[in-house]
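Here's the structure, in structure tokens; my notes come after.
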Amino acid sequence: MPNGLKVSAVMKNSIAAEMEIEPGDEILQVDQHNIQDILDLQYWTAEEEFTLIIQKKNHEIWELEIVKEPEELLGIEVSSVGRDGLMKCRNNCVFCFVRQMPPGMRSTLYDLDDDYRLSVNQGSYITLSNLKEKDFQRIINMHLSPLYISVHAWNPVVREKLMRNRQAGKLAEQIKRLAEAGLVLHTQIVLVPDYNDREILQETVENLAAFFPQVQSIGIVPVGLTKYRDGLPELRTVTPEEAKEVLDIGIEWQQKYRKRTGLNLVYFSDEFYMLAGRDLPSYPEYDDFPQLENGIGMARKFQEEIRMCLCDLPRQIPERKIHLVTGSSAAAYFRSRIAELPAIQGVHITVHEIGNRFFGPAVTVAGLLTAQDIAPQLGDLQGEYFLLSRVMLRAGEEVFLDGYDVRWLAEQVNGIPVVVENDGQSFIEGLFGITIGGSENE
């Protein structure tokens, strides 16, 4: 019997927990189907009744009869996407962020993956240029949807130039094939000035929009560049003037496509609005926020979540000084949000705009700030609170990208850390040391 997928975690009170499945066990088969990856596991365990074959850590083979409700999950996480590991990216994109990482960081940060299984499960963007025919067949046969696709340019010559892969020029036929199979597609364009802007951008948007309703969203984000670009093509970031131009034509696209489709269809990352000094679109204009994880609509959603919390704020709390840590692109946004808050006696909030010296000044988002940059710019807090968004930290850990943790940072700045999730309620609770609808939590 072949090796399967190793269990990394088991949810409390789940079916897996009841059946005494443990981390370290291997899922081998479901109803005599060998389990090669997470898609096999999800597909074959979707039934209400099935037989699960696992190998325990002590090498015992268990046969488990599972009976569950139609939407009930087995309740496990696995340690890898498949027995063959991640599908590697063979592109050599001129703007690839992984190739702009500094040396000496943890090995997983240098992983170049382009795995359609992660696209289906986690919303990761794939290029399609690394798929083999058997992969396309599997995607279509299993009706894997929605898929998240990095387009960048419709023009095959431009796309090949951007991605430095001859297979990249086949995008049009690939999109057509997936759309004709009835799959839902969410697409993104990383805008690289002088490569895929202006007429090339217009062509790309128009061709993608022609595939509505299969293409449900077109996200546009500005290229991100670090200072670690030795040996890489010379690129530049989007200027404020260019951001304004893009948003101006974008409004025309959105108005046209809303009349045609009922959706804006084209959405711009929050960075474009902040770079251009423009107000964010209204909440309804983001429709169902189809590309939230791509940084598109996050600031507007966050703002709405804050607004909904305001009626639960107390009029007075014990004396509290808190320092809000953020990147340079969002500093003005947070100052505006704080200015809109009702006055609460005892609260003193300071926004700290942290420049990114680790990756370079062109990197302005909070999610790429490091402890080494925050510490000297925050200074001595003399025992006061400082607020960090969890987007700065590795998933499931309190460690920054540079390897230093929150405890180290707290010692350096002589402060008390408050780590919050990236939503409005968590932000308000962290600022004021309260539980919404409850009492103080500090």
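The basis for the numbers below is simple: all heavy atoms, side chains too, and nothing from hydrogens, waters or symmetry mates. Only a predicted model underlies this, so the values are computations on that prediction, with no experimental measurement involved.
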Inset, instruction - Would you give the length of the straight line joining atom CE of M163 to atom SG of C96, rounded to the nearest 0.5 angstrom? - result: 10.5 Å
Inset, instruction - With sequence neighbours left out, write down each residue that passes side-chain contact (heavy atoms from CB on, under 4.5 Å) with T204, or none if nothing qualifies. - result: V151, A153, W154, I189, I200, L208
Legend entry - Exceeds 12 heavy-atom contacts within 6.0 angstrom, atom NE2 of H143: yes
Inset, instruction - With sequence neighbours left out, write down each residue that passes side-chain contact (heavy atoms from CB on, under 4.5 Å) with E319, or none if nothing qualifies. - result: K321, H348
Legend entry - salt bridge (charged side-chain N to carboxylate O under 4.0 Å, His left out) involving D113 - partner list, sequence neighbours excluded: none
Legend entry - Within-4.5 Å side-chain heavy-atom neighbours: L324 and I338: yes
Inset, instruction - Using the test salt bridge (charged side-chain N to carboxylate O under 4.0 Å, His left out), find all partners of E203 that sit at least two apart in sequence or belong to another chain. - result: none
Legend entry - Shortest non-hydrogen separation from P240 to L275 and the atoms involved: CB-O, 3.5 Å
Inset, instruction - Output every pair passing salt bridge (charged side-chain N to carboxylate O under 4.0 Å, His left out) with a member in residues 123-140, not counting sequence neighbours, ordered by first then second residue. - result: D37-R138, D40-R138, E133-R177
Legend entry - 4.5 Å side-chain heavy-atom contact, L387 and V325: no
Legend entry - Option among Y267, Y125, Y148, F211 that satisfies the ring-ring contact (aromatic ring centres under 6.0 Å, His included) test with H186: Y148
Inset, instruction - Hey, could you give me the CD1/CG distance between I149 and L178, rounded to the nearest 0.5 Å? - result: 5.5 Å
Inset, instruction - Could you tell me which residues satisfy salt bridge (charged side-chain N to carboxylate O under 4.0 Å, His left out) with R337, sequence neighbours excluded, listed by chain and number? - result: E340
Inset, instruction - Could you tell me the separation between the CD atom of E242 and the CG atom of D197, rounded to the nearest 0.5 Å? - result: 6.5 Å
Inset, instruction - Would you please say whether a donor-acceptor pair under 3.5 Å links the side chains of S329 and E271? - result: no
Legend entry - Close side-chain approach of Q174 and L131, heavy atoms under 4.5 Å: no
Inset, instruction - Determine, for R83 against E26, whether the closest basic-nitrogen to carboxylate-oxygen distance falls under 4.0 angstrom. - result: no
Inset, instruction - Could you tell me how the ring of F302 sits relative to the ring of Y333: parallel (under 30°), tilted (30 to 60°) or perpendicular (over 60°)? - result: tilted
Legend entry - By side-chain contact (heavy atoms from CB on, under 4.5 Å) - contacts of T45 (at least two apart): V30, L41, F50, L74
Legend entry - Side-chain heavy-atom pair D115, V81 within 4.5 angstrom cut-off: yes
Inset, instruction - For the residue pair Q188 and N294, confirm or rule out a side-chain donor-acceptor distance under 3.5 Å. - result: yes
Inset, instruction - For residues H33 and Y43, establish whether the separation of their ring centroids is below 6.0 Å. - result: no
Inset, instruction - Go through the structure and list residues passing salt bridge (charged side-chain N to carboxylate O under 4.0 Å, His left out) with D270, not counting sequence neighbours. - result: none
Legend entry - K88 bridged to D114 by N-O distance under 4.0 Å: no
Legend entry - Atom of G327, atom of A366 and distance for their closest heavy-atom approach: N-CB, 3.8 Å
Inset, instruction - For P23 and S8, work out which heavy atoms get closest and say how close. - result: CB-O, 3.7 Å
Legend entry - Any pair counted as salt bridge (charged side-chain N to carboxylate O under 4.0 Å, His left out), so long as it reaches residues 285-304, sequence neighbours left out: R258-D287, K301-E305, E304-R307
Inset, instruction - Would you mind reporting whether Y195 and L235 have side-chain heavy atoms less than 4.5 Å apart? - result: yes
Legend entry - N-O pairing of E20 and K56 below 4.0 Å: no
Inset, instruction - Say whether, by atom type as modelled, one donor and one acceptor occur between the side chain of E429 and the main chain of I436 under 3.5 angstrom. - result: yes
Tabulate below the donor-acceptor pairs under 3.5 Å that side-chain atoms of residues 389-396 make, not counting sequence neighbours, or state none.
{"from": "S389", "atom 1": "OG", "to": "V391", "atom 2": "N", "distance (Å)": "3.3"}
{"from": "R390", "atom 1": "NE", "to": "E421", "atom 2": "OE2", "distance (Å)": "2.8"}

Inset, instruction - Could you tell me how the ring of F97 sits relative to the ring of F359: parallel (under 30°), tilted (30 to 60°) or perpendicular (over 60°)? - result: tilted
Legend entry - L147 side, atom CG; S124 side, atom OG - distance, nearest 0.5 Å: 11.5 Å
Inset, instruction - Please say whether more than 12 non-hydrogen atoms of neighbouring residues, nucleotides or ligands are located less than 6.0 Å from CD in E397. - result: yes
Inset, instruction - Find out whether V205 and V266 are in side-chain contact, i.e. whether some heavy atom of one side chain is under 4.5 Å from a heavy atom of the other. - result: yes
Inset, instruction - Provide the full list of salt bridge (charged side-chain N to carboxylate O under 4.0 Å, His left out) pairs with a residue in residues 156-170, sequence neighbours left out, each pair given once. - result: none
Inset, instruction - Report the distance from atom CG of L201 to atom CD1 of I249, rounding to the nearest 0.5 Å. - result: 9.0 Å
Legend entry - Pair R407 + D405: basic N to acidic O under 4.0 Å: no
Inset, instruction - State which residue, out of I416, V418, L381, V419, fulfils the side-chain contact (heavy atoms from CB on, under 4.5 Å) condition with F386. - result: L381
Legend entry - For the student: nearest non-hydrogen atoms of I296 and S269, plus distance: CG1-CA, 3.6 Å
Legend entry - Y286 to P281 - nearest heavy-atom pair and separation: OH-CD, 3.1 Å
Inset, instruction - Taking the six-membered ring for Trp and the single ring otherwise, decide whether the centroids of F427 and F432 are under 6.0 Å apart. - result: no
Inset, instruction - State the SG-CE distance between C89 and M87, to the nearest 0.5 angstrom. - result: 12.5 Å
Legend entry - Which atom of K57 lies closest to which atom of D25, heavy atoms considered: N-OD1, 3.3 Å
Legend entry - Polar side chain donor-acceptor pair, N91 to S129, under 3.5 angstrom: yes
Could you tabulate the donor-acceptor pairs under 3.5 Å formed by side-chain atoms of residues 371-380, not counting sequence neighbours?
{"from": "Q372", "atom 1": "NE2", "to": "D402", "atom 2": "OD2", "distance (Å)": "3.0"}
{"from": "D373", "atom 1": "OD1", "to": "R357", "atom 2": "N", "distance (Å)": "3.4"}
{"from": "D373", "atom 1": "OD2", "to": "R357", "atom 2": "N", "distance (Å)": "2.9"}
{"from": "D373", "atom 1": "OD2", "to": "F358", "atom 2": "N", "distance (Å)": "2.8"}
{"from": "Q377", "atom 1": "OE1", "to": "G355", "atom 2": "N", "distance (Å)": "2.8"}
{"from": "Q377", "atom 1": "NE2", "to": "G355", "atom 2": "O", "distance (Å)": "2.8"}
{"from": "Q377", "atom 1": "NE2", "to": "D373", "atom 2": "O", "distance (Å)": "3.1"}
{"from": "D380", "atom 1": "OD1", "to": "Q382", "atom 2": "N", "distance (Å)": "2.9"}
{"from": "D380", "atom 1": "OD1", "to": "N414", "atom 2": "ND2", "distance (Å)": "3.2"}

Inset, instruction - Run the numbers on I220 and F272 for side-chain contact (heavy atoms from CB on, under 4.5 Å), then give the verdict. - result: CA-CA 9 Å; I220 304 177; F272 270 110; 3.9 Å; yes
Legend entry - Side-chain heavy atoms of S217 within contact of L265, under 4.5 Å: no
Legend entry - Row check, Y385 ring normal vs R320 NZ/CZ: under 6.0 Å, within 45°: yes
Inset, instruction - Anything under 30° is parallel, anything over 60° is perpendicular, the rest tilted; go ahead and classify W253 against F268. - result: parallel
Legend entry - Validation row: Q303, L280 side chains within 4.5 angstrom (heavy atoms): yes
